[in-house]
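The structure appears right after this line, and notes come after that.
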Amino acid sequence: MLHFTLYPVSAVDSTNNYLRELKEQHELSEGTVILSDFQSMGKGRGRNAWYSGKGLNILMSVLLYPKIPATKLFYLTEIASLAITDMLKVIGIAAEIKWPNDIYVQDKKIAGILIENVFSSDIIESSIIGIGLNVNETEFPSDLPNPVSVKSAGGKENNRNNLVKKLLEAFKSRYEQFLGGQLSALHIDYNALLYRKNKQCNFVFRGRNFQSTILLVKENGEIILQNADGEQRKYAFGELEMLL
Ligand code: BTN
């Protein structure tokens, strides 16, 4: 059973960093959640930053001790992605998952996930699942490619506390689905919500642009594409960029 302990704060550099530092100083239980109104150095994946206006959105990090082999790492991505899409569904927003873990409403990004793990040999000892969900932001900086928020997507609820509660409920039920061994159900649900599945998309691989169709994502997180000749190829996250 997963129990959450919430620590709301007004400002941190990054909720992921703050939770990691707190964990280094104290013994924290699984389900510790840092929620912040603002991040001065919000992190996205790679070298990206994560933008969020003060007090407008959900910025949170959840601590897990999964103790699972590294081969099962991608399930953490599936749990977090589906928790967000489940919650959005409850408030009337049909969202999809852009591989590997961006949450999209139509062609716009509503949420991002940054997972940072600590391994002990082959085992994932701890995992910090950082979630940034745009809730009440309506004016984004012009250099952000395609953002959208719960409010601008017409969500039925935009009270942040209520949404955090719903999001954590969804997270708990997806994590417990995983702990209960229902891995294929999780994986089927993830693939069912895959953004642009069975559609031809533009990609960049090692500096070369090409078109291919998204077939599915494997349990290890690799995506399988099929080109016009019917040839299938798999790619790991980080080596392939999808162009919108
Ligand atoms: C991405 O889409 O590139 C991932 C964005 C993740 C942003 C969240 S906001 C809460 C947590 N703290 C961070 O510094 N990043 C994650």
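Computed over heavy atoms, backbone and side chain alike; hydrogens, waters and symmetry mates excluded. Both counts, for ligands and for their atoms, begin at 1 and track the order of listing.
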Pair K109, N134: side-chain N/O donor-acceptor within cut-off below 3.5 Å: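 Short answer, no.
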Distance-only side-chain donor-acceptor flag, S61 / N16, under 3.5 Å: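 Yes, a side-chain donor-acceptor pair sits under 3.5 Å.
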Among all protein heavy atoms in this structure, tell me which lies nearest to [atom], with the distance rounded to 0.1 Å.
atom	value
atom 5 (C) of ligand 1	W50 CE3, 3.4 Å
atom 3 (O) of ligand 1	R45 N, 2.7 Å
atom 8 (C) of ligand 1	G132 N, 3.5 Å
atom 6 (C) of ligand 1	K43 O, 3.5 Å
atom 10 (C) of ligand 1	T15 OG1, 3.2 Å

E176 atom CD: more than 12 heavy-atom contacts under 6.0 Å: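 Atom CD in E176 is packed in, count exceeds 12.
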Ignoring hydrogens and angles, tell me if any N or O in the side chain of [X] forms a donor-acceptor pair with the backbone of [Y] under 3.5 Å.
X	Y	answer
N227	D229	yes
S36	Q39	no
T32	L28	no
R160	N57	yes

With heavy atoms of [X] as the reference, note each atom of ligand 1 found under 4.0 Å away.
X	value
G42	14 (O)
I131	8 (C), 9 (S), 10 (C)
S14	12 (N), 13 (C), 14 (O)
G44	1 (C), 3 (O), 4 (C), 5 (C)

Counting only heavy atoms closer than 4.0 Å, does ligand 1 sit against the backbone of [X], its side chain, both, or neither?
X	value
Q39	side chain
D102	side chain
N17	neither

Min heavy-atom dist N16 to ligand 1 below 4.0 Å: yes
Selection from V62, I113, L59 by shortest heavy-atom distance to atom 4 (C) of ligand 1: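 Nearest option to atom 4 (C) of ligand 1, by heavy atoms: I113.
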Whether Y104 and Y195 hold their rings parallel, tilted or perpendicular, with breakpoints at 30° and 60°: tilted
For V62, the option from T15, V33, L2 that meets side chain to side chain contact (heavy atoms under 4.5 Å, CB included): V33
N or O contact, K109 vs ligand 1, cut-off under 3.5 Å: yes
Nitrogen or oxygen atoms of S61 and ligand 1 under 3.5 Å apart: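 By distance alone, the answer is no.
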Salt-bridge present (K151, E137; N to O < 4.0 Å): no
